[in-house]
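Chain identifiers are assigned alphabetically (A, B, ...) following the order of the sequence lines, protein sequences preceding nucleic acid strands; residue numbering begins at 1 within each chain.
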Protein chains: 4
Amino acid sequence: MRTKCNDKYDALLEATLKLVNDCGFHDAPMSKIAKLAEVSPATIYLYFENKQDLINKLYIKIKASFSEHAFNGYDSNLPVKKGFETIWYNIADYKLNKIEESMFLSQCDNTPMIDEKARLQGLKHLQPLLDLWERGQKEGIIKPISNYLLYAYTVYPLSFLLAMEQNCLSCLNKDSRLAAFQCAWDSIKV
Amino acid sequence: MRTKCNDKYDALLEATLKLVNDCGFHDAPMSKIAKLAEVSPATIYLYFENKQDLINKLYIKIKASFSEHAFNGYDSNLPVKKGFETIWYNIADYKLNKIEESMFLSQCDNTPMIDEKARLQGLKHLQPLLDLWERGQKEGIIKPISNYLLYAYTVYPLSFLLAMEQNCLSCLNKDSRLAAFQCAWDSIKV
Amino acid sequence: MRTKCNDKYDALLEATLKLVNDCGFHDAPMSKIAKLAEVSPATIYLYFENKQDLINKLYIKIKASFSEHAFNGYDSNLPVKKGFETIWYNIADYKLNKIEESMFLSQCDNTPMIDEKARLQGLKHLQPLLDLWERGQKEGIIKPISNYLLYAYTVYPLSFLLAMEQNCLSCLNKDSRLAAFQCAWDSIKV
Amino acid sequence: MRTKCNDKYDALLEATLKLVNDCGFHDAPMSKIAKLAEVSPATIYLYFENKQDLINKLYIKIKASFSEHAFNGYDSNLPVKKGFETIWYNIADYKLNKIEESMFLSQCDNTPMIDEKARLQGLKHLQPLLDLWERGQKEGIIKPISNYLLYAYTVYPLSFLLAMEQNCLSCLNKDSRLAAFQCAWDSIKV
DNA sequence: TATGAATGAGTATTCATTCAT
DNA sequence: GATGAATGAATACTCATTCAT
């Protein structure tokens, strides 16, 4: 499906990202997406099957870039806390620097706008973090609770801080980020 | 003269809640809402100005019921931890028992589908919790960090647990809820 | 159909007149008419069969008041020119003083918004003028041309002067009205 | 790529003309217009912004064709009466041969269905006639009265004759048209 | 008599998608 | 591959009219 002219493919994804963020899925018609990408509406259908496919592909692409960021510089041989710290700060960085992408993910995750199939595909990237937690639990450093809880109390709160945007992005700034990390670590460490 | 009954008003809100949850705002047309509420499409406009107004009013109503639940049995004279515990468990209860409502709030909070005005009106109910935190900080029991962080690491994670629904609702069950609360408390206590 | 409470009947006709003039037939819904008349929409149907009937009745009423005015003080024994003068000035008076009514008649006469039946009923009031013209023709004072032409060149032009409203009402004022009458008379006299 | 053809644009204007004449603006819905033009409702919006724009454009187009007709063969060097005769007969011709167009103009001019802007644009074509009248007045051939009066008693009556259609079109036929012109001229000549 | 509630059919307009070049 | 034209089906919303009191 994806042809040699990646320019248009990418422009379409970018336009979709912007419009869905600003107006919501319900007010991001194909015609507007095409216009913003400087492309004919018909052209969209050369690269994507339909609107759902366009959204799905954007979701998967962003999820992938998110994961790539998350494990940047991470090595599974690091001690548990150090490893967790690396990943957590990476994610905080991503939220702070890739605001559009992060907002889009939030919208997808709280809305029935993504195929179940795409959703699953987006999830499978987190395995290294789950492995790290398992190791931490074996070593008695991390509480013996479900992965869901661990995620809910460490990574997920970052989404809220992002959503509060104007008033709260400061919470993720270099110098005040320590407090946030401390909360995260305190909530899971034994 | 027929008299305007609350039945229809409520049926419309209920239908909207269900459809927006199941299909998303973008696929919850007025015609479907009317059908589900067993009412003519035109009737909607006797009770609501337009679709936006319908959504806004539903949001505000649910936010209000949420707050009412949250502070049920709470007394500002309770010791900080006890007070926090009361509120936190109330909210966990709400999430567990009012799944539809909770999912709708998540969708609203991560989507540009709500008026800024309605959004603000929905926020003003949390004051007692903020007051409690302030007291806890003065007493040296709660970390001296911003309200956003406190909220992000105590209340907000519950939304994630809810969203994971099938796999994770167990995390909020009576017996395993303690672990979740412990995470919350650990992340904010000094 | 018309009941004892003429107040509401009249208020409805008045409201219709105003709304149709200001917004056009296409933007004068029954609900607005009811509101302006300070009456329930359902009440309209106690006095009128439907919207068409309401418009028709208003048309006929105004046509009748127009004719009454037109022949005010007219006596079929007057000499032809004097008689014509009387009627013509009466009509000019009406156009000048009953602007709303005159505009409504213009709209009805240039639009398919009136039943053919009502239209015919509105026409039959002009007989005395036609009789006068016939007499004038017999006396050799008025050109031997069709009634349509006589009307077109004497009475009808007044509608245009009215329609030009702001810029042109002056043409119908007491002192400048003579010029207009002179045109009318010149165009039909032998 | 299919190319936007004038056929559809014209068909739409024609359909609108017919429907507005036969049923009135209030009963000429876009769906009927589309059907009559053998086009999808959505297609209308490729050529016109909305219904108002469609009506406006039709009005302006017809006004332009009317003016073109009116001054066909007219030369500002002609003697006043001859010049007036030329224009007047041209207009009578137009009314007789372009009945649909003439009726539409009447409806527009007696109804709040046209934008003020479009209305103004439609007016500016008559200048040569006004110039002619001015010259006639300077030469002492035409009464020193306002342009409104001159128009009301010469051109405007033709609209009435048209409106009476069935019974009266004969008044505009070649042989009986002289009587009508004579009325017009008599009413303005000194 | 009078009403506000209720509604089915309709209105202008938009949308995701396909057609023809 | 790329496009603007074209469209049937849908969308939010309105209307003339009727219902139930």
Side-chain angles (χ1 to χ4, degrees), chain A residues 1-5 7-9 26-35 38-55, chain B residues 1-5 7-9 26-34 38-54, chain C residues 3-5 7-9 26-35 37-55, chain D residues 1-5 7-9 26-35 38-54:
Chain A
M1 183 62 66
R2 189 172 180 172
T3 73
K4 53 193 154 178
C5 176
D7 287 3
K8 277 171 189 157
Y9 184 88
H26 71 282
D27 194 24
M30 298 297 254
S31 54
K32 269 196 204 169
I33 293 173
K35 196 164 286 170
E38 294 183 313
V39 140
S40 159
T43 303
I44 302 183
Y45 292 85
L46 296 177
Y47 296 89
F48 304 95
E49 279 172 51
N50 50 38
K51 194 177 180 184
Q52 187 64 58
D53 183 49
L54 168 58
I55 296 278
Chain B
M1 184 191 61
R2 256 181 277 187
T3 144
K4 212 159 162 182
C5 56
D7 290 5
K8 273 167 192 153
Y9 184 88
H26 70 282
D27 194 26
M30 297 300 253
S31 54
K32 271 195 204 169
I33 292 174
E38 294 184 309
V39 141
S40 156
T43 302
I44 301 182
Y45 295 87
L46 294 178
Y47 294 89
F48 304 95
E49 279 173 50
N50 49 38
K51 193 177 179 183
Q52 188 64 60
D53 183 48
L54 169 57
Chain C
T3 74
K4 53 193 155 177
C5 175
D7 286 4
K8 276 170 189 158
Y9 183 89
H26 71 282
D27 195 24
M30 297 297 254
S31 54
K32 270 196 204 170
I33 293 174
K35 196 165 287 171
E38 294 184 310
V39 141
S40 159
T43 303
I44 302 184
Y45 293 85
L46 296 177
Y47 295 90
F48 304 94
E49 279 172 50
N50 50 37
K51 194 178 182 185
Q52 188 64 58
D53 183 48
L54 168 58
I55 297 278
Chain D
M1 184 192 62
R2 255 181 277 187
T3 143
K4 210 159 162 183
C5 56
D7 290 6
K8 273 167 193 152
Y9 184 88
H26 71 281
D27 194 25
M30 296 301 251
S31 53
K32 270 196 204 170
I33 293 175
K35 198 164 286 173
E38 293 185 310
V39 142
S40 157
T43 303
I44 302 183
Y45 294 86
L46 293 178
Y47 294 90
F48 304 95
E49 279 173 51
N50 50 38
K51 193 177 180 183
Q52 187 65 58
D53 183 49
L54 169 58

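- Take the nearest nucleotide of DNA chain F for D/Glu38 and for A/Val39: the residue whose nucleotide is more 5' is A/Val39.
- Stem analysis of DNA chain F (Watson-Crick or G-U pairs, both distances under 3.5 Å, runs of at least three) returns E:2-21 with F:2-21.
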Next on the checklist: Walk along nucleotides 15-21 of chain F from 5' to 3' and tag each nucleotide B, S or - by protein heavy-atom contact under 4.0 Å, base first, then sugar-phosphate.
Outcome noted: BSBBBBB

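- At whole-Å resolution of the value, CG in B/Leu46 and P in F/dC13 are 14 Å apart.
- The interatomic distance linking D/Ile33 (CD1) with E/dT11 (P) rounds to 11 Å, in whole Å.
- Nearest heavy atom pair, residue B/Tyr45 against residue B/Asn50, reads CE2-CA, 3.9 Å.
- One atom, CD1 of B/Ile44, and another, P of E/dA5, lie 16 Å apart when rounded to the nearest Å.
- The side-chain contact (heavy atoms from CB on, under 4.5 Å) test applied to C/Ser40 returns C/Ala42, C/Thr43, not counting sequence neighbours.
- In this structure, D/Lys4 is positioned above the aromatic face of D/Tyr47, its NZ or CZ under 6.0 Å from the six-membered ring centre and within 45° of the axis.
- At a threshold of 4.0 angstrom between heavy atoms, the contacts of B/Tyr47 are confined to the sugar-phosphate backbone, with no base atom among them.
- Taking atom CG of B/Asp7 as the reference point, atom P of E/dA5 lies 15 Å away to the nearest angstrom.
- Summarising the local packing, CD of D/Gln52 is surrounded by more than 12 heavy atoms from other residues, nucleotides or ligands at distances under 6.0 Å.
- A distance of 12.5 Å separates CG in A/Asp27 from NE2 in B/His26, rounded to the nearest 0.5 Å.
- Of the two residues contacting DNA chain E, namely B/Thr43 and C/Lys8, the nearest-nucleotide position lying further toward the 5' end is that of C/Lys8.
- The two residues A/Ile44 and A/Leu54 come nearest to each other via the heavy atoms CG2-CD2, 4.4 Å.
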